[in-house]
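A note on names: the letters A, B, ... follow the listed sequences, proteins ahead of strands, and every chain is numbered from 1.
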Protein chains: 2
Amino acid sequence: MHMPSHTDSPIFCTVDVVLLTLRNDRLHVLLLPRDKVPHQGQPALPGGFVRAQEDATAWHAARRVLREKAGIDSPYLEQLATYSGAERDPRGWSVSIVYYALVPEALLGAAASGAAARIVAAHRLPALPFDHRDIIQLAVARVRTKSAYSSLPVYFCGDTFTMPQLQAVYESVLGEPINKVSFRRKIAELDMLETVEGEMEVGKAHRPAQFYRLKRAYSRRLSTSGKGLGG
Amino acid sequence: MHMPSHTDSPIFCTVDVVLLTLRNDRLHVLLLPRDKVPHQGQPALPGGFVRAQEDATAWHAARRVLREKAGIDSPYLEQLATYSGAERDPRGWSVSIVYYALVPEALLGAAASGAAARIVAAHRLPALPFDHRDIIQLAVARVRTKSAYSSLPVYFCGDTFTMPQLQAVYESVLGEPINKVSFRRKIAELDMLETVEGEMEVGKAHRPAQFYRLKRAYSRRLSTSGKGLGG
DNA sequence: ACAATAGTGTCTGTTAGACACTATGCC
DNA sequence: GGCATAGTGTCTAACAGACACTATTGT
């Protein structure tokens with residue numbers, strides 16, 4: 001059986017994670033200072049080598065990296081794309097299997113606030129090493145596209161939320177206002193939410209809003225409607 | 001600089017290609033007998049090791065593999081997903097960056113008919129090694145989804161085609177009939193086709209159909225409409 | 001009572017699909 | 001002329017967005 005020998009195959013295999021959250025109604029991404037050369041100390045996507053002994057799959061490697069480097073266990077962690085080639089990393093021919101995660105800002109504030117973590121606006125990225133800028137832009141594009149016809153943005157919310165809150169989240173992700181009636185129709189159509197009985201948002205000087213949560217069946221799952229939302 | 005040493009990192013990196021075409025109004029996939037163990041001789045997706053010295057990126061590796069193993073240069077070759085893990089290949093921890101290609105049946109007949117190439121219906125797959133069955137099913141699902149709102153199926157056609165031919169292609173890919181008026185409205189909306197002046201389909205005992213081709217600007221590019229087609 | 005936002009009923013313009021009609025080749 | 005399919009005009013039902021109205025809190 002012929003396989004490339006280890007000496008003539010300097011391909012190294014990594015995972016990178018684009019962790020997205022909403023802050024001030026804008027998509028933000030988590031950057032961490034690189035702990036290794038090249039670009040040591042510079043903000044970059046959390047990433048690391050795949051460890052064949054430890055990680056069952058690249059998905060598990062991404063989950064481990066996110067946990068080890070940012071202390072975050074994201075409920076939503078999905079493959080984005082794989083970047084590869086001879087030129088993207090000065091150390092040699094590299095493969096980076098990239099995942100994206102969506103988390104509520106609250107979860108992120110508690111966990112990743114240690115170290116020198118930076119949460120930067122996705123529309124105003126600083127200079128980034130490797131092809132991390134392209135990667136983030138693809139992740140943002142993917143999330144926007146998917147959000148138009150699915151329950152994806154729910155992962156930016158906490159366990160419970162009101163309709164106006166959820167609508168604001170969708171509007172932030174899509175970057176445009178959504179008709180209130182249409183929005184509620186679409187969400188009802190997806191049939192993924194249930195009311196949190198009795199619980200109401202209180203303390204505001206107006207009619208209180210009903211709290212909702214994802215139905216058990218849809219938890220950690222993705223619901224899609226045929227037609228798309230907003231626009 | 002710490003990198004995993006070659007000895008403790010037995011990860012090997014491959015590409016696989018799902019080449020899809022339409023035959024008898026059904027999606028079919030190209031399978032080739034494996035030239036190496038394991039599963040030597042069994043039909044499987046064309047694939048091979050990434051060659052760091054030769055391939056600029058995984059995309060180039062996929063193009064090379066398709067060219068070397070099937071003699072095909074596909075105009076459409078796009079990344080599908082990356083499969084990885086310790087269990088999927090008995091040789092060890094593997095990464096397979098998977099691409100999918102769309103070609104007209106005519107192009108395929110001429111090129112890949114050598115050797116023991118098999119073109120099998122995607123809905124009746126034989127037993128396949130590794131996770132190739134899952135991979136093909138993902139590719140088919142991806143093509144169906146994308147076809148509903150884009151010009152993707154045009155890649156199954158030759159250089160020129162009539163509207164009824166194109167509609168039949170969309171119907172085959174989506175697996176359901178499409179309203180003729182709606183279809184022509186959508187295609188016109190995409191604004192990606194131009195008439196081939198004068199050229200008409202002749203020899204049939206009925207009114208001849210106009211031939212169309214992709215506009216130069218849209219050649220090799222993908223056009224998407226907001227709303228989706230058919231259904 | 002009033003301000004402010006939650007939530008709903010309804011109207012209207014747009015659009016997708018059904019249907020029917022015309023167009024144009026071969027026989 | 002008859003048949004078969006290409007291609008188009010038009011009606012209708014479904015749907016998304018606009019608007020306006022009611023509901024319910026705090027002050």
Please tell me which of the listed nucleotides, D:dT24, C:dT10, D:dT10, lies nearest to the side chain of A:Pro208? D:dT24

From CZ of B:Arg184 across to C1' of C:dT15 the rounded distance in Å is 19 Å

Is there a donor-acceptor pair under 3.5 Å between the side chain of A:Thr195 and the backbone N or O of A:Glu197? no

Would the distance check show the side chain of A:Asn24 and the main-chain N or O of A:Arg26 forming a donor-acceptor pair, the cut-off being under 3.5 Å? no

Whole angstroms only, please: what is the CD1-C1' distance between B:Ile178 and C:dA18? 16 Å

Starting at atom CD of A:Glu171, determine the distance to atom C1' of D:dG17, rounded to an integer number of angstrom. 13 Å

From CZ of A:Phe183 over to C1' of C:dA6, roughly how many Å is that when rounded to an integer? 14 Å

Could you check how far CD of B:Gln167 sits from P of D:dT5, rounded to whole Å? 14 Å

In whole angstroms, how far is the C1' atom of D:dA18 from the CG atom of A:Asn179? 7 Å

With the side chain of B:Arg207 defined as its heavy atoms from C-beta on, choose the nearest nucleotide among D:dA6, D:dA16, C:dA18. D:dA6

Sequence neighbours excluded, which residues qualify as salt bridge (Lys or Arg N to Asp or Glu O under 4.0 Å) partners of B:Asp16? none

Pick the nucleotide of DNA chain C nearest each of A:Ala209 and A:Arg185; which residue has the one closer to the 5' end? A:Ala209

Test of understanding: with salt bridge (Lys or Arg N to Asp or Glu O under 4.0 Å), list the residues that count as partners of A:Lys215, not counting sequence neighbours. A:Asp191

A:His206 or B:Pro164: which one's nearest nucleotide on DNA chain D is closer to the 5' end? B:Pro164

Round to the nearest Å and state the distance from A:Phe211 atom CZ to C:dG7 atom P. 10 Å

Can you identify which nucleotide, out of C:dG17, C:dT8, D:dG9, has its nearest atom closest to the B:Ser182 side chain? C:dG17

Where each residue is assigned the nucleotide of DNA chain D containing its nearest heavy atom, which of B:Lys180 and B:Ala205 is assigned the position nearer the 5′ end? B:Ala205

Verdict with reasoning, A:Tyr100 to A:Leu138, per side-chain contact (heavy atoms from CB on, under 4.5 Å): CA-CA 10 Å; A:Tyr100 64 106; A:Leu138 182 65; over 6 Å; no

Rounded to the nearest Å, what distance is computed from the CD atom of residue B:Gln210 to the C1' atom of nucleotide C:dA23? 14 Å

